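Nothing here was measured: the structure is a model prediction, and the numbers come from that model.
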Amino acid sequence: MRVSIGSDHAGFEQKQALVDYLKGRGVEVVDRGPANDDRVDYPDYAAPVARDVAAGAADFGVLVCGTGIGMAMAADKVPGVRAANIINPEFAALCREHNDANVITLSGRFVPLEENERILDAFFATPFGEGRHAGRVEKIMALEE
């Protein structure tokens with residue numbers, strides 16, 4: 001599995017730790033930055049991660065900012081991306097199973113690192129449920145047209 005990851009300054013510390021966590025689990029990681037915790041604008045880092053996923057250069061995207069909300073809004077502007085801001089493992093599994101989410105956004109300020117690791121585990125372990133959910137995802141994607 002190949003994962004593209006990025007953050008802003010508020011999510012930098014957790015992004016760095018999550019890169020190590022994912023690599024330790026055998027995941028190929030493309031780190032889109034930033035390289036330090038200097039103040040940056042989250043859309044500048046959401047865009048390359050979302051584009052990696054939309055183009056098929058990465059299987060999934062992971063974005064971390066203070067809340068994860070801004071990253072989700074920015075990533076969802078890229079056609080082909082279904083980004084979800086997630087704060088617990090149950091929602092992580094559901095966004096994959098029901099919505100075929102391909103980008104997950106996390107809070108670096110309000111969710112502890114250990115919980116974000118559990119969230120990623122649930123996200124990556126859960127397949128898309130297909131069936132009744134497939135038509136709904138098709139309708140979501142048709143909104144881009």
- Query: Does Lys15 come within less than 4.0 Å of Asp31, counting only side-chain N to carboxylate O?
  - Reply: yes
- Thinking salt bridges, do Arg82 and Asp76 make one under a 4.0 Å N-O criterion? no
Looking only at atom types and distance, does a side-chain atom of [X] sit under 3.5 Å from a main-chain N or O of [Y], one as donor and one as acceptor?
| X | Y | answer |
| --- | --- | --- |
| Arg96 | Thr126 | yes |
| Asp37 | Phe12 | no |
| Asp121 | Asn116 | no |
| Glu90 | Ala122 | no |
| Ser107 | Gly66 | yes |

Is there a side-chain contact between [X] and [Y] (heavy atoms, below 4.5 Å)?
| X | Y | answer |
| --- | --- | --- |
| Leu106 | Val111 | no |
| Leu120 | Val62 | yes |
| Phe110 | Thr67 | yes |

Nearest heavy atoms of [X] and [Y], plus distance in Å:
| X | Y | value |
| --- | --- | --- |
| Ala75 | Ala83 | CB-CB, 3.9 Å |
| Val29 | Ile5 | CG1-CG2, 3.6 Å |
| Val78 | Ala54 | CG1-CB, 4.0 Å |
| Ala84 | Ala101 | CB-CB, 4.4 Å |
| Ala92 | Ile104 | CB-CD1, 4.3 Å |
| Ser4 | Pro48 | OG-O, 4.5 Å |

Find out if a path of hydrophobic residues (ILVMFWY) with successive side-chain heavy-atom gaps under 4.5 Å connects [X] to [Y].
| X | Y | value |
| --- | --- | --- |
| Val81 | Tyr42 | yes |
| Phe60 | Met71 | no |
| Val137 | Leu94 | no |
| Leu63 | Leu22 | no |
| Leu18 | Met1 | yes |

- Item | From CA spacing to verdict: side chain to side chain contact (heavy atoms under 4.5 Å, CB included), Cys95, Phe123 | CA-CA 8 Å; Cys95 79; Phe123 183 79; 3.7 Å; yes
- Above 12 or not: heavy atoms from other molecules or residues under 6.0 Å from CD of Glu13? no
- Message: How about CZ on Phe91, more than 12 heavy atoms from neighbouring residues, nucleotides or ligands closer than 6.0 Å, or not?
- Response: no
To the closest 0.5 Å, what do you measure between [atom1] ([X]) and [atom2] ([Y])?
| X | Y | atom1 | atom2 | value |
| --- | --- | --- | --- | --- |
| Ile86 | Glu115 | CD1 | CD | 11.5 Å |
| Arg136 | Asp100 | CZ | CG | 14.0 Å |
| Tyr21 | Glu117 | OH | CD | 5.0 Å |
| Asp59 | Phe124 | CG | CZ | 9.0 Å |
| Arg32 | Ser7 | CZ | OG | 13.5 Å |
| Asp38 | Asp8 | CG | CG | 12.0 Å |

- side chain to side chain contact (heavy atoms under 4.5 Å, CB included) between Val30 and Arg2: does it pass, once the steps are laid out? CA-CA 7 Å; Val30 177; Arg2 187 169 199 199; 3.2 Å; yes
- Message: Which label fits His133 and His98: parallel for a plane angle under 30°, tilted from 30 to 60°, or perpendicular past 60°?
- Response: parallel
- Query: Are Val64 and Thr105 close enough, and set up right, to give a side chain to side chain contact (heavy atoms under 4.5 Å, CB included), and what steps lead you there?
  - Reply: CA-CA 6 Å; Val64 189; Thr105 70; over 6 Å; no
